[in-house]
Structures are given as structure tokens and as C-alpha cells.
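If you're wondering where the values come from, they're calculated on a predicted model, not measured in any experiment.
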Amino acid sequence: MSRLLSLVSTWVKDALVQFETALSLDPNPVEAQAALYNKACCHAYQGEPKKAAECLRTALRDYNLKFGTILNDPDLASLRASPEFKELQEEARLGGEDIGYSFRRDLKLISEVQAPFRGVRRFFYVAFSAAAGISLLFTVPRLFRAIKGGDGAPDIWETVGNAGINIGGIIVLVALFFWDNKKEEEQLAQISRNETLSRLPLRLSTNRIVELVQLRDTVRPVILAGKKESVSSALQKAERFRTELLRRGVLLVPVIWGEGRTPQVEKKGFGVSKKAATALPSIGEDFEKRAQSITAKSKLKAEIRFKAEVISLEEWERWIRDQQESEGVTPGEDVYIILRLDGRVRRSGKGMPDWSQIVQELPPMEALLSKLER
């Protein structure tokens, strides 16, 4: 095994030299993007997240690399668990010249679908603010005339009242505009976290490795994150409600803080056997088309049981801690997170869940409410 790892390490170093050479030969944009992306994979394999992130940043900025590709690739799993990836993802969410606008544009499209009237509200905020501002321009001279007094001067209290209404309206409308902007940024951050969540890998009871996105419309994952004793106790209590929870499509996903044993994702490259590479499900358009077929869905349903094992524990922990920070929970506390059938977060809470309450809350899979949730 050590000899194999040494050979793989040597091959990765040679590959880095080749990719660097390719970049020095004035490649076209497609070739440059491929070279930079593969360089990033090599750096991630060597445990160099900073160098990997820089390669990806260049590919995103200069060669139109799609951020979704980074989220999908198991060769970059170690990078996605690092602080450098969190920084890269935040840059991509905010958009800008240093990272490119494509990821933020995609997030905004999803945001507009989820909040279709935000643009209309903003239009009215701007329009009414402009109207109030124009009215104020006419009111100010009248106010000066009212203060000076004399024949034909307008009533001072009426004029002051009109000016106050215009000023107050502008303040309220501008505050609403900025509040809406803040809500949009929070929504974009949540969509970004949901996208990251959808790409986290699991091992089913049949030993098949899937991503959460592949389980959409099929199960309601319940993530149990915390100390080993807390999670184990919650799993034992869940057994008493097993039948009812299964009727509601619940799939338990235990995540134990700081657990030393981290299952490794079989990589698709770097000297791994073809058998190991094909053990992973295809993630691109090919899989999306097959996943839509009734046969593929039925087969996947047959493989799902009551509990799944997380793959790449560091990635899961990082996502859960980000979610805790967004909800004002101290990172590292025991928490549970219930997902909807469409993969979005339904709700979360501190500690471990009350299973009887969850049975009451979640409708059975065949119920109309479950069909509407898909």
C-alpha cells in the first residue's frame, strides 16, 4: 500500500509539471481551463488547499469555469472541507471581477423563482421615493415662504406637515429597499449552502455512494450532529418510531463531531482502479437524464433504508457549522436538521429531535402535502 501511495504521489507531481508546461504554451481558453482545473485537483490531492483555490479562482475569473463543477467533483472533496474553499465560495456568491459573475447570476435566478415579487417591490420603492423627492423639492420653497410670512404665504403648519410626510416616506422607502437587499443576500447565502448540501455524499445501506441531490423527492433526510453519546441515544430512540418514520420517508444521517474515522471517497483518478472509479454514481447530465427515468428512481428507492453513513466527514461538519452560524447557534453544539423532499432545509433545532413530534409534523409519503413538497 505504501509503495502504491508513493507511486501515486510521484504521478501527481509529474502531472503538475505537465499542466504547468501546458499553461506556458499559450493554450486556448478551453485547454487553459482544463489545465488549471486539473492542477487544482492535484494540489487538493497533495493537501495544498491554498494553491488549489488559486488555480480555481483563475479558472473562474478568466476561463468561465462553472462553480457547480467544483461542487460536484469528488477529487476536490478535501478542498471543500477547507477554509480556503469557504472563502472562494463566498467570493463567488458575492460576484465581482476577481471571481466572475456566473455563480452569483445562477443564485439570483433561483432567488427570483423563490421570491418572484422582489423586483416589483423594489420598483415601487424607487418610484415612490422619487415621487416623494420631487414633491419635497416643491415643498421646500413653500416652506421658506411660509417661514418668512407675509401676504399670500402658505400655512406654515400645513407646509411643515407636507414636508414631514415626504421626508418620512423617503426614509421608510429607502429603509425598505435596503432591508429587501439584505434579505436577498441572506437568501443567496442560504441557496449557496443548499447547493453545497445537495452535493454532500452518503453511503447507503447497500454500500452505494450517492449525493443528497440524487435522493430528492425520495426521502426526507434528518441530520443528527453532535457528540457520540447524544447521536447514539437519538438513534436508539428513533428505532421505537422506525415504522412511522419510514412511512414519512425519513432517512437518518448521523454526524459525530470530531470522529476520528473518516470514510474516504473513492477517487476517479490518480491511479485508482477502474472498478473503484465506477463505484461512484455519474453526476453530470448523463446521470440527470437517467435519474429522471422511473426505472432509475425505483432502483434507488429500493436501496434506501433507515440510516445512511456520511462520506467526507469534514465537508459535512463544515456545512453544519456554517448553517449553525447563519442561525445564531454556537458552532459545535448538538443540533438536528430536517430537510424537505426537495432538498431544502425544513427546520432545525438545538439538541436532538423529539421523534413523536416529528411523526406528528411530517405527512406520510403518499399524502397530498408530501406531493406538494416535491
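Environment of CG in Asn28: crowded, with over 12 heavy atoms of neighbouring residues, nucleotides or ligands closer than 6.0 Å.
Note that CG of Asn181 is 4.5 Å distant from CZ of Arg122, once rounded to the nearest 0.5 Å. Here Cys42 contributes atom SG and Lys51 contributes atom NZ; the two are 12.0 Å apart, rounded to the nearest 0.5 Å. Annotation: the span from Leu246 atom CG to Met365 atom CE amounts to 10.5 Å, rounded to 0.5 Å. To the nearest 0.5 Å, the span separating CD1 on Ile165 from CG on Leu136 amounts to 11.5 Å. Going from atom CZ of Arg248 over to atom CG of Leu341 covers 12.5 Å, rounded to the nearest 0.5 Å. Rounding to the nearest 0.5 Å gives a distance of 10.5 Å between CD of Glu20 and CG of Leu25.
Summarising the geometry of Gly332 relative to Gln324, their closest heavy-atom pair is N-OE1, 3.0 Å, with the distance given to 0.1 Å. Here the closest heavy-atom approach between residue Val255 and residue Glu317 is recorded as CG1-CG, 4.3 Å. The heavy-atom pair separating Leu79 from Ala44 by the smallest distance is CB-CB, 4.3 Å. Across all their heavy atoms, Ser230 and Met352 have their closest contact at O-CG, 3.7 Å. Residues Ala234 and Leu224 approach most closely at CB-CD1, 4.2 Å, considering heavy atoms. The two atoms that bring Val231 and Ala225 nearest to each other are CG2-C, 4.2 Å, heavy atoms only.
Looking at Leu212 and Arg199, their side chains never come closer than 4.5 Å, going by heavy atoms from C-beta outward. Residues Arg318 and Thr196 meet the side-chain proximity criterion, which asks for heavy atoms closer than 4.5 Å. Contact annotation: the side chain of Val222 approaches that of Trp355 to within less than 4.5 Å [non-hydrogen atoms, C-beta and beyond]. Using a 4.5 Å heavy-atom cutoff, the side chains of Glu239 and Gln236 are not in contact. Pro49 has its side chain out of reach of His43: every pair of non-hydrogen atoms, C-beta onward, lies at least 4.5 Å apart. Thr69 places a side-chain heavy atom less than 4.5 Å from the side chain of Tyr37. Contact check for Ser198 versus Arg216: side-chain heavy atoms found under the 4.5 Å cut-off. Using a 4.5 Å heavy-atom cutoff, the side chains of Leu200 and Val310 are not in contact.
Glu361 has a carboxylate O that lies under 4.0 Å from a charged side-chain N of Arg346, or vice versa, which qualifies the two as a salt bridge. The pair Arg340-Glu373 does not meet the salt-bridge criterion, since no charged nitrogen lies less than 4.0 angstrom from a carboxylate oxygen. Comment: Glu315 engages Arg80 in a salt bridge, judged by a side-chain N to carboxylate O separation of less than 4.0 angstrom. Salt-bridge formation is not detected for the pair Glu185/Lys182: no Lys NZ or Arg NE/NH1/NH2 atom is positioned less than 4.0 Å from an Asp or Glu carboxylate oxygen. Ion pairing between Asp180 and Arg121 holds under the 4.0 Å rule for side-chain N and carboxylate O.
For Glu309 (side chain) and Arg203 (main-chain N/O), no donor-acceptor pair under 3.5 Å exists by modelled atom type. Looking only at distances, no side-chain donor or acceptor of Ser370 sits under 3.5 Å from a matching main-chain atom of Glu366. In terms of modelled atom types and a separation under 3.5 Å, the side chain of Trp316 and the main chain of Pro254 share no donor-acceptor contact. A donor-acceptor pair under 3.5 Å is absent between the side-chain atoms of Ser233 and the main chain of Glu229, judged by distance alone. The backbone N or O of Ala131 sits nowhere less than 3.5 Å from a side-chain atom of Ser135 that would complete a donor-acceptor pair.
Both Val140 and Ile171 are part of a single hydrophobic cluster, where members link through side-chain heavy atoms under 4.5 Å apart. Hydrophobic clustering (side-chain heavy atoms under 4.5 Å, transitive across Ile, Leu, Val, Met, Phe, Trp, Tyr) keeps Leu65 apart from Val30. By the rule that hydrophobic residues join a cluster once side-chain heavy atoms approach within less than 4.5 Å of another member, Ile320 and Leu251 end up as members of one cluster. Linking Ile, Leu, Val, Met, Phe, Trp and Tyr whenever their side-chain heavy atoms come within less than 4.5 Å puts Leu173 and Phe177 in one cluster. Leu176 and Val174 fall into different hydrophobic clusters, where Ile, Leu, Val, Met, Phe, Trp and Tyr residues are linked whenever their side-chain heavy atoms come under 4.5 Å apart, directly or through other members.
Between the side chains of Arg118 and Gln187, at least one donor N or O sits under 3.5 Å from an acceptor N or O. Between the side chains of Gln18 and Asp14, no donor N or O sits under 3.5 Å from an acceptor N or O. There is no side-chain donor-acceptor pair under 3.5 Å between Asn162 and Arg142. No hydrogens or angles considered: a donor-acceptor pair under 3.5 Å links the side chains of Gln89 and Ser192. In summary, the side chains of Gln323 and Ser348 do not present any donor paired with an acceptor at a separation below 3.5 Å, with no hydrogens or angles considered.
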Hey, mind stepping through Asp334 and Lys350 against side-chain contact (heavy atoms from CB on, under 4.5 Å) and telling me if it holds? CA-CA 6 Å; Asp334 293 350; Lys350 294 183 182 180; over 6 Å; no
Given side-chain contact (heavy atoms from CB on, under 4.5 Å), test Asn38 with Asp75 step by step and report yes or no. CA-CA 9 Å; Asn38 284 295; Asp75 286 335; over 6 Å; no
Given the rule in the side-chain contact (heavy atoms from CB on, under 4.5 Å) test, do Leu88 and Phe67 qualify, once you have shown the distances and angles that lead to the verdict? CA-CA 10 Å; Leu88 185 70; Phe67 199 85; 4.2 Å; yes
Decide yes or no on side-chain contact (heavy atoms from CB on, under 4.5 Å) for Arg344 and Leu339, but give the supporting numbers first. CA-CA 6 Å; Arg344 290 185 290 164; Leu339 304 185; over 6 Å; no
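When Leu197, Val253, Val250, Leu252 are each tested for a side chain to side chain contact (heavy atoms under 4.5 Å, CB included) with Pro221, only one passes: Val253.
Both the sub-6.0 Å distance and the 45° axial angle are satisfied by Arg321 relative to the ring of Trp257.
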